[in-house]
Each structure stands twice: as C-alpha cells, then as structure tokens.
J.: 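I'd like to ask some things about the structure below.
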Number of protein chains: 2
Amino acid sequence: MTENIEEMLTRKDINPTAMRLLVLDFLLKQSSAISLTDLEKGLDPSDRITLYRALKKFEEKGLVHSIDDGSGATKYALCENDCEAGHHHDLHVHFFCNTCRETSCLPKHHIPQITLPDGFKTEEVNLIVKGVCNKCVQ
Amino acid sequence: MTENIEEMLTRKDINPTAMRLLVLDFLLKQSSAISLTDLEKGLDPSDRITLYRALKKFEEKGLVHSIDDGSGATKYALCENDCEAGHHHDLHVHFFCNTCRETSCLPKHHIPQITLPDGFKTEEVNLIVKGVCNKCVQ
DNA sequence: AATAGTTTGCAATACCATTGCGCTATAGTT
DNA sequence: AACTATAGCGCAATGGTATTGCAAACTATT
C-alpha cells in the first residue's frame with residue numbers, strides 16, 4: 001500500500017519523504033478537491049508551510065492540479081494519470097457547490113473550444129460551474 | 001455629462017453621492033476590468049474602504065459585475081445595460097492576459113451550456129481564458 | 001564519517017477582503 | 001427652519017491566504 005504511494009511519487013520524479021507520503025496518502029482519500037487549510041487540519045499537527053510546499057512540488061511535477069474556485073483558497077486535486085510535469089492537460093470542468101462548498105472535478109466534462117478575437121492567444125482555460133451538487137440537492 | 005453619470009446611478013436605484021459619481025466616472029473610462037487597488041490609485045487620495053463599498057453597492061445593484069480572474073484580486077467591470085439587481089446575466093467569457101495582467105470582458109463570447117451529471121444544479125458559470133491579448137502579442 | 005544537496009519548520013511579510021464604529025452629510029418630516 | 005432618521009464616509013482593526021528567507025535537520029553519495 002505504502003509501496004504503491006511511494007511509487008506514485010518516484011514515478012513523478014518526487015523524492016518520497018515521510019511528509020510527502022502522508023500528503024499523497026491524504027489526497028488519495030479525498031473525494032473532492034481540498035484546500036491547504038483542509039490538508040492542514042487533516043494532517044494535524046503539521047507545518048502549514050511544509051504542506052504548502054509539498055502541494056507546490058506535486059503541482060510542479062504534474063501529480064496534482066490546483067483549482068481556483070473563487071472561494072478564496074486554492075484547492076488541489078490529483079491529476080489523471082496522463083498529466084506531465086509543467087504541462088497539465090486535465091482541462092476539465094470543476095464544480096463548486098454553493099451549499100457544502102466542496103469543489104469536485106468533472107473529468108468527463110471537457111472545456112469547450114473557445115475561439116477568441118483575432119490577436120488573442122489562449123494558453124489556459126478555467127471553467128468553474130457553481131451550484132448545488134448531487135449530495136446537497138433535495 | 002455628469003448629468004448622464006448621475007442618471008446611470010439613479011436608474012439603478014443608487015444614491016448618486018460625490019464618491020459614487022467619481023467611481024462610476026472612473027469605471028466608464030476603463031477599457032478593461034479593474035481591481036480595487038487600481039481604483040484606489042486612480043482616485044488617489046480616496047479611502048480604500050469607501051471605494052470598496054461603492055463597488056459592492058454597484059455590484060449589488062447590477063451596475064457592475066465582479067470577476068475573479070485568479071490574479072488574487074477581484075476585478076470589476078461595468079455590466080451591459082440589461083443587468084438587474086441581484087441577478088447578473090452577463091454570462092460572458094473573461095480574458096486574462098498573462099503578459100499585461102489585464103482582464104477584459106468578451107461580451108460576444110457567451111459561455112456554452114454545460115450539462116452536468118444528474119443531481120447537479122447550475123447556478124452560475126465562470127469561464128476565464130488566460131493567454132496573451134491582442135495588445136501584447138507580437 | 002564527511003560533504004553536498006534537499007527538505008523541513010519557524011518567523012516574517014505582503015496582500016486582499018471584510019466588519020465595527022463614530023462622525024458627517026443628506027433627506028424627509030413637522 | 002429645526003429636528004430626526006437614515007445613509008454614507010473614513011479610520012481602525014481583524015482575519016485569511018500566499019509566499020519568501022533562513023537556519024536546522026535530514027538524506028544520499030562519496
């Protein structure tokens with residue numbers, strides 16, 4: 001099990017330190033994207049900055065992607081397998097529930113092509129749908 | 001001229017105070033969305049909080065909409081005429097230039113319909129395209 | 001074991017958003 | 001015109017998030 005997690009890190013060219021194993025393990029257990037504060041609470045007592053840097057490293061190496069859902073805190077979620085360091089190509093839609101404030105990836109929903117006016121060059125697209133998720137709707 | 005600005009406010013049910021006239025006048029002169037800090041610099045010396053509340057009021061009354069472009073600071077831009085208090089329906093795409101860091105509305109580009117999985121209810125959609133704008137591209 | 005490089009934890013900093021509160025200005029009433 | 005109620009303003013203060021510097025701890029390599 002731990003073997004597996006460790007391998008996930010090494011495969012992404014990330015030194016599998018104790019901290020990072022913990023963080024990845026925690027990420028694997030999440031059903032939605034989590035913020036740094038969530039992570040800090042979940043791994044208490046841990047240094048927030050260290051967790052921050054672990055996430056940054058993961059992001060840089062293509063293991064997680066960050067999501068700005070407008071809640072004020074950046075959230076992080078594991079990438080699909082096919083992400084590479086530097087270049088994320090998990091351009092899927094993210095959903096933010098206004099009720100439970102959870103953010104989840106909708107990997108099935110790709111972001112539609114947007115054709116911009118002449119002279120504009122697209123480098124990245126961010127699509128956040130906000131509303132009520134299936135757990136909160138009655 | 002000032003008459004005109006004043007009317008814009010009263011039509012939106014906003015008391016046309018001196019401060020608010022200044023803020024709206026400044027907004028009208030912008031070619032892209034501006035942050036609170038931009039506004040503060042442009043109207044120096046003015047109290048940041050007062051400007052903040054002016055923007056909030058404008059937003060609440062459907063005169064401007066706010067944009068979270070991921071830069072960390074919320075930006076504001078005037079709405080198209082057809083916005084109502086409370087319910088903004090200017091669901092257009094916003095473009096953030098990674099070079100000049102300016103955010104502009106692309107009102108011609110409507111956000112495509114996203115069909116979510118069963119049980120999800122959409123209330124709002126946010127689409128930010130990031131890249132290089134026509135002024136910065138060579 | 002010594003060394004070089006990496007990681008960690010603490011401290012500190014910089015923004016941004018937001019609220020409380022007292023003073024002032026304005027509008028509405030008598 | 002005087003009074004009162006309401007709205008707006010400016011200052012102070014708070015809370016949250018992101019980010020960097022630095023020194024100690026740790027890891028891997030020779």
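Computation of the quantities below employed the complete heavy-atom set of this structure, encompassing side-chain atoms and omitting hydrogens, waters and symmetry-equivalent molecules. Residue numbers start from 1 in every chain, and the chains themselves are labelled A, B, ... in the order their sequence lines are given, proteins ahead of strands.
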J.: From dT8(C), dC9(D), dA18(D), pick the nucleotide closest to the side chain of Thr17(A)?
T.: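 Looking only at side-chain atoms, Thr17(A) lies closest to dT8(C).
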J.: Does Ser35(A) reach a base, just sugar-phosphate, or nothing at all? Heavy atoms under 4.0 Å.
T.: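 Here Ser35(A) touches no strand at all.
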J.: Give the rounded distance in Å between these two atoms: CG of Asp38(A) and C1' of dT17(D).
T.: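 About 13 Å, once rounded to whole Å.
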J.: Backbone N or O of Asn15(A) within a donor-acceptor pair of the Arg20(A) side chain at under 3.5 Å?
T.: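 Yes: the side chain of Arg20(A) pairs with the backbone of Asn15(A).
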J.: Examine dG8(D): is either OP1 or OP2 under 4.0 Å from a nitrogen or oxygen in the side chain of Asn15(B)? Give yes or no.
T.: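 Answer yes for this pair, as a side-chain N or O of Asn15(B) is under 4.0 Å from OP1 or OP2.
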J.: With respect to the side chain of Ile49(A), which nucleotide from dC10(C), dA18(D), dT8(C) is positioned closest?
T.: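 The answer is dC10(C), which lies nearest to the side chain.
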J.: Judged by each residue's nearest nucleotide on DNA chain D, which is more toward the 5′ side, Arg53(A) or Leu36(A)?
T.: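 Its nucleotide being nearer the 5' end, the pick is Leu36(A).
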J.: What is the distance from OH of Tyr52(A) to C1' of dA12(C), rounded to the nearest Å?
T.: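 So the OH-C1' distance, Tyr52(A) to dA12(C), works out to 15 Å.
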J.: Nearest-Å distance, CZ (Arg20(A)) to P (dC26(D))?
T.: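 Going from Arg20(A) (CZ) to dC26(D) (P), I get 16 Å.
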J.: To the nearest angstrom, how far is Leu55(A) atom CG from dT17(D) atom P?
T.: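 Taking CG of Leu55(A) and P of dT17(D), I get 14 Å after rounding.
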J.: Could you work out which one of dT18(C), dG8(D), dC16(C) sits closest to the side chain of Lys57(B)?
T.: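 Shortest atom-to-atom distance from the side chain points to dG8(D).
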J.: Is any side-chain N or O of Thr74(B) closer than 4.0 Å to OP1 or OP2 of dA17(C)?
T.: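 For Thr74(B), the contact criterion (side-chain N or O under 4.0 Å from OP1 or OP2 of dA17(C)) is met.
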J.: Tell me whether the side-chain N or O atoms of Arg48(A) pair up with the base of dG16(D) as donor and acceptor below 3.5 Å, since no angle test is needed here.
T.: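 No, the side chain and the base share no sub-3.5 Å donor-acceptor pair.
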J.: Rounding to an integer number of Å, can you tell me how far Asp68(B) CG sits from dA17(C) C1'?
T.: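 After rounding, the reported distance stands at 12 Å.
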J.: Are Ile114(B) and Phe96(A) linked, directly or through intermediate hydrophobic residues, by side-chain heavy-atom contacts shorter than 4.5 Å (ILVMFWY only)?
T.: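 Phe96(A) does not cluster with Ile114(B).
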J.: Taking CZ from Phe58(B) and P from dG8(D), how many angstroms apart are they, rounded to a whole number?
T.: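 One finds 11 Å between P of dG8(D) and CZ of Phe58(B), rounded.
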J.: Between Lys56(B) and Ala54(A), which is nearer to the 5' end of DNA chain C once each is assigned its nearest nucleotide?
T.: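 Whichever sits nearer the 5' end wins; that is Ala54(A).
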J.: Between atom CD in Glu60(A) and atom P in dT19(D), what is the gap in whole Å?
T.: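 Atom CD in Glu60(A) sits about 13 Å away from atom P in dT19(D).
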J.: Whole angstroms only, please: what is the OH-P distance between Tyr76(A) and dT17(D)?
T.: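 It is 12 Å, rounded to the nearest whole Å.
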J.: Would you say Thr37(A) places a side-chain N or O within less than 4.0 Å of OP1 or OP2 belonging to dG16(D)?
T.: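 Checking Thr37(A) against dG16(D): no side-chain N or O falls below 4.0 Å of OP1 or OP2.
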J.: Under 3.5 Å, is there a donor-acceptor pair between the Ser71(B) and Asp69(B) side chains?
T.: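 The criterion, which ignores hydrogens and geometry beyond distance, is satisfied for Asp69(B) and Ser71(B).
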J.: Nearest 0.5 Å, what's the CG-CD distance between Leu51(A) and Glu40(A)?
T.: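 Answer for the CG-CD pair, Leu51(A) versus Glu40(A), is 6.5 Å.
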J.: Would a distance-only check, ignoring hydrogens and angles, find a side-chain to backbone donor-acceptor pair under 3.5 Å from Asp38(A) to Ser35(A)?
T.: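 A pair under 3.5 Å: yes.
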